[in-house]
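As the structure is a prediction and not an experimental result, all values here were calculated from the model. Values below: all heavy atoms of this structure, side chains included; hydrogens, waters and symmetry mates excluded.
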Amino acid sequence: MPSPRYWLMKSEPDECSIDDLARAPGQQVPWTGVRNYQARNFMRDAMRIGDGVLFYHSSCPEPGIAGIAEVASTAYPDATQFDPGSPYHDPKSSPEAPRWVHVDVKLVRKTRLLPLKEMRATPALATMQVLRPGNRLSITPVTPEEWRAVLSLLESA
DNA sequence: GCCAACGTTGGC
DNA sequence: GCCAACGTTGGC
């Protein structure tokens with residue numbers, strides 16, 4: 001089974017919106033703060049440079065896909081875990097044995113907002129993991145079929 | 001603010 | 001290894 005080539009990554013726009021990504025140096029940000037093992041393992045074990053990313057706004061007035069990005073680095077230790085002043089500090093982690101790693105994510109292009117509501121109303125997207133009831137995983141694999149369906153929706157008005 | 005879903009923790 | 005308690009996520 002080959003690694004997935006496409007992903008959906010959730011970001012709270014209060015923390016990092018698609019516009020924040022567009023303004024970042026090199027239009028690229030380190031995807032810090034992931035503190036879930038499954039999401040970490042996706043970044044550490046499965047992501048490859050160039051993988052496609054659906055940039056999703058969560059926990060906000062208009063949740064949905066806000067742009068296209070790509071994986072821009074392999075995984076490396078998350079500096080925030082060692083910072084006692086950070087909300088992402090993990091006292092059980094150490095630089096010798098870092099627990100949390102992340103990749104860098106780079107903007108490809110901002111798109112129109114594809115609202116969660118529209119995603120739910122689209123039969124071709126019904127299989128998407130992010131639409132499963134109770135899904136909380138911040139990084140989920142996307143199939144090539146789902147990726148194509150999202151892109152064609154984004155191109156429509 | 002509510003609450004369902006679900007991951008993590010820790011006692012046993 | 002079980003499982004209850006607890007914390008977090010995230011849409012509404």
Check for me whether the distance between the ring centres of A:Tyr88 and A:Trp31 falls short of 6.0 Å. no

Near-ring test A:Phe82/A:His89, centroid separation under 6.0 angstrom: no

Between A:Tyr37 and A:Arg99, a side-chain donor and acceptor under 3.5 Å: yes

A:Ser17-A:Asp20 side chain donor-acceptor pair, cut-off 3.5 Å: yes

C:dG10 phosphate, OP1 or OP2, under 4.0 Å from A:Lys10 side-chain N/O: yes

Check whether any side-chain heavy atom of A:Glu12 sits under 4.5 Å from a side-chain heavy atom of A:Ser58, and report yes or no. yes

Below 3.5 Å is the cut-off: list the nitrogen or oxygen pairs between protein and nucleotides 2-6 of chain C, distance only.
none

Using atom [atom1] of [X] as one end and atom [atom2] of [N] as the other, report the distance to the nearest whole Å.
{"X": "A:Arg132", "N": "C:dT9", "atom1": "CZ", "atom2": "P", "value": "18 Å"}
{"X": "A:Asp14", "N": "C:dG10", "atom1": "CG", "atom2": "C1'", "value": "13 Å"}
{"X": "A:Asn36", "N": "C:dG10", "atom1": "CG", "atom2": "C1'", "value": "14 Å"}
{"X": "A:Phe42", "N": "B:dG7", "atom1": "CZ", "atom2": "P", "value": "12 Å"}
{"X": "A:Leu131", "N": "C:dG11", "atom1": "CG", "atom2": "P", "value": "10 Å"}
{"X": "A:Gln129", "N": "B:dG7", "atom1": "CD", "atom2": "P", "value": "11 Å"}
{"X": "A:Tyr37", "N": "B:dT8", "atom1": "OH", "atom2": "C1'", "value": "9 Å"}
{"X": "A:Asn135", "N": "C:dG10", "atom1": "CG", "atom2": "C1'", "value": "10 Å"}

A:Ser59 side chain, from C-beta outward: closest of C:dC12, C:dT8, C:dG10: C:dG10

Of the nucleotides C:dG7, B:dT8, C:dG11, which has the atom closest to the A:Arg136 side chain? C:dG7

Ring-plane angle category for A:His102 and A:Tyr76, please: parallel below 30°, perpendicular beyond 60°, tilted otherwise. perpendicular

In a check of side chain to side chain contact (heavy atoms under 4.5 Å, CB included) between A:Ile65 and each of A:Ile18, A:Leu153, A:Leu114, which one passes? A:Leu114

